[in-house]
Each structure stands twice: as structure tokens, then as C-alpha cells.
Amino acid sequence: MKALFETLRWQQPSGVKGLNNNYSALYARRLIADHPEWASAIEIRRRRSP
């Protein structure tokens with residue numbers, strides 16, 4: 001997921017803000033919820049905070 005975030009960050013036009021690293025784990029969980037067939041390709045760790 002981090003690699004995907006970095007790739008997307010490089011593809012954004014200059015001056016566009018977004019893709020905060022704090023949300024990459026949440027997006028990973030959302031992707032797995034929406035596409036359970038991708039679960040084997042995305043590593044999920046136990047959350048430390050709610």
C-alpha cells in the first residue's frame with residue numbers, strides 16, 4: 001500500500017496536496033472490504049489505535 005501511495009503521489013500534478021501517509025492503512029482496509037479477492041496481495045497488521 002505504501003508503494004501504491006508513493007506512486008500516486010509522484011503522478012499528482014505539482015502543487016496538488018493529498019495522500020497523507022497516516023491514511024494508507026485505512027485505505028488498505030477499505031480496498032480489502034470492497035475487493036476481498038485482493039486480500040492475499042495486501043498485508044494487514046493489527047491496529048494499535050481505534
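Bear in mind the structure is a predicted one, so any value in this text is a computation, not a measurement.
In this structure, R29 has no salt bridge (Lys or Arg N to Asp or Glu O under 4.0 Å) partners at least two apart in sequence or on a different chain.
The shortest heavy-atom contact between M1 and L31 is CE-CD1, 3.5 Å.
In this structure, the separation between OG on S40 and CD1 on I32 is 9.0 Å, given to the nearest 0.5 Å. Atoms CD and OG1, from Q12 and T7 in turn, are 11.5 Å apart once rounded to the nearest 0.5 Å.
Relative ring orientation between Y23 and Y27 is described as perpendicular, the plane-to-plane angle rising above 60° on a 0-90° scale split at 30° and 60°.
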Decide side-chain contact (heavy atoms from CB on, under 4.5 Å) for E6 and N21; before the verdict, give the C-alpha distance in whole Å, the side-chain angles of both, and the deciding distance to 0.1 Å. CA-CA 9 Å; E6 293 302 324; N21 282 337; 3.9 Å; yes
